[in-house]
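A, B, ... follow the sequence lines: proteins, then strands. Residue 1 opens every chain.
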There are 2 protein chains.
Amino acid sequence: MKMKVKVKNKSRLDDFNKYKSHKGLKTSQKRLSIIEYFLKEDRHFSVEELYYEVKKVYPKVSYSTVYRTLKLLADSGLARICSFGDGTTRFEPAHKAEHHDHLVCQRCGTIIEFKSTEIELLQKKIAQKHNFLVVLHKLELYGLCANCKKKARRH
Amino acid sequence: MKMKVKVKNKSRLDDFNKYKSHKGLKTSQKRLSIIEYFLKEDRHFSVEELYYEVKKVYPKVSYSTVYRTLKLLADSGLARICSFGDGTTRFEPAHKAEHHDHLVCQRCGTIIEFKSTEIELLQKKIAQKHNFLVVLHKLELYGLCANCKKKARRH
DNA sequence: TTGACTTTGACTTTCATTTTCATAATATAA
DNA sequence: TTATATTATGAAAATGAAAGTCAAAGTCAA
């Protein structure tokens, strides 16, 4: 299992290296650390979150570098930008081609991913009705996750 | 037809007045102008857009006032806040209780509203599966509207 | 009309994000 | 390996949208 994750991240790193040489970028240890951490963790990050977590492991990285690296990841296709209306941008690992949507807990911030081909089918129908060409879609359900719901019940 | 719109806006203004007295607000001509324009136009606005358009008719309004008035409208329930990921907040007229989703043209910015009870049903099912309590949802389809699609075809 | 309120416009502040620039690190050519 | 050219970095400044501040102007009930 762990092996599989490692292999996957390896191939994602390879993707980044392709992008890197295409763009004439250089390899810095700091940037690499950030990218590896992001790939290893494999979850949503705001710049701030990633900054503080990476800093624990590699204390010398700066905020700007995390910023720039996340943008690079987005440009290279390894990360996807998503915002949940709280004013900060989040980056999610882009598991190629596998589009998914989000359940966002308004209390604890937990993000759950889901996918529904049925919904996507209905979306297509709606677009057709309006003669609209859909390039991408965004579906977010906001509310309380199981945990917070339980807490809310006992006030 | 026009009559109907006017009547509707009248009743919306009444709603605002209820909110107004509830909150102990006062009536200023400028605020009223902004609200009337917003209701008359009955479409999505960013603060900037509304500011420039209202300014043409009532040149004395300031940016702050438009800003505050839109926030008031949102608070009073006459407007709903929505953001389409371009970094600026938009306000849409809230046609009470009627939740709807959006088709957003990435080229010309046109926003088409739609509603699908079927999709909402599926959303509910998904939430149930995750034991998640949905408070609100957001569904946006981004792409090209009919018009821009046509233009795109002939390069 | 007064006096107690709210609203306004101009301004400042905040905060996330982006850019700048001098210095450090990296890659490539010799 | 060393020189040189380029990119990356950190700290700081700049930006831009959103929110707050405050004196002056407006509103309105008594």
Its dot-bracket string being built from Watson-Crick and G-U pairs below 3.5 Å, with | for another strand and [ ] for crossing, DNA chain D has the pattern ||||||||||||||||||||||||||||||
Within the 4.0 Å limit for protein heavy atoms, which parts of nucleotides 21-30 of chain C are touched? Write it as a string from 5' to 3', B for base, S for sugar-phosphate only, - for none.
-----BS---
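- For Leu122(A), the side-chain contact (heavy atoms from CB on, under 4.5 Å) partners at least two apart in sequence or on another chain are Glu118(B), Ile119(B), Leu122(B).
- Ser83(B) is linked by a side-chain contact (heavy atoms from CB on, under 4.5 Å) to Lys138(B), counting only residues two or more places apart in sequence or in another chain.
- Inspection of the Glu53(B) and Tyr51(B) side chains reveals no N or O donor paired with an N or O acceptor under 3.5 Å.
- Heavy-atom distances under 4.0 Å link DNA chain C to no residue of residues 51-60 of chain A.
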Show me the protein contacts with nucleotides 15-18 of chain C, counting only N or O atoms at under 3.5 Å.
{"from": "dT17(C)", "atom 1": "OP1", "to": "Thr89(A)", "atom 2": "N", "distance (Å)": "2.8"}
{"from": "dT17(C)", "atom 1": "OP1", "to": "Thr89(A)", "atom 2": "OG1", "distance (Å)": "2.8"}
{"from": "dT17(C)", "atom 1": "OP2", "to": "Tyr67(A)", "atom 2": "OH", "distance (Å)": "2.8"}
{"from": "dT17(C)", "atom 1": "O5'", "to": "Tyr67(A)", "atom 2": "OH", "distance (Å)": "2.5"}

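- Qualifying side-chain contact (heavy atoms from CB on, under 4.5 Å) partners for Ala146(B), counting only residues two or more places apart in sequence or in other chains: Asn131(A).
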Going through the checks in order, is the salt bridge (charged side-chain N to carboxylate O under 4.0 Å, His left out) test met by Glu92(B) and Arg43(B)?
CA-CA 6 Å; Glu92(B) 66 179 7; Arg43(B) 56 190 165 88; over 6 Å; no
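- Applying the salt bridge (Lys or Arg N to Asp or Glu O under 4.0 Å) rule to pairs touching residues 120-129 of chain A yields Lys115(A)-Glu120(A), sequence neighbours excluded.
- Contact of the Tyr58(A) side chain with the Ile34(A) side chain is not registered, since no non-hydrogen atoms from C-beta on lie closer than 4.5 Å.
- Going from atom CG of Leu70(A) over to atom C1' of dT9(D) covers 16 Å, rounded to whole Å.
- At most 12 heavy atoms of other shown residues, nucleotides or ligands fall within 6.0 angstrom of atom NZ in Lys18(B).
- Checked against salt bridge (Lys or Arg N to Asp or Glu O under 4.0 Å), Asp75(A) has no partners two or more places apart in sequence or in another chain.
- Residues satisfying the ring pair (Phe, Tyr, Trp, His ring centres under 6.0 Å) test with His102(B), not counting sequence neighbours, are His44(B), Phe84(B), His100(B).
- Rounded to whole Å, the distance from CG on Asp75(B) to P on dT6(C) is 16 Å.
- At whole-Å resolution of the value, CZ in Arg31(A) and C1' in dG10(D) are 14 Å apart.
- Residue Leu72(A) contributes atom CG, which lies 13 Å from atom P of dT19(C) at whole-angstrom precision.
- Taking Glu113(B) as the reference, nothing meets the salt bridge (Lys or Arg N to Asp or Glu O under 4.0 Å) condition, with sequence neighbours excluded.
- Annotation for Tyr52(B): atom OH does not count as buried by contact number, only 12 or fewer foreign heavy atoms lying within 6.0 Å.
- With sequence neighbours excluded, no residue forms a salt bridge (Lys or Arg N to Asp or Glu O under 4.0 Å) with Glu36(A).
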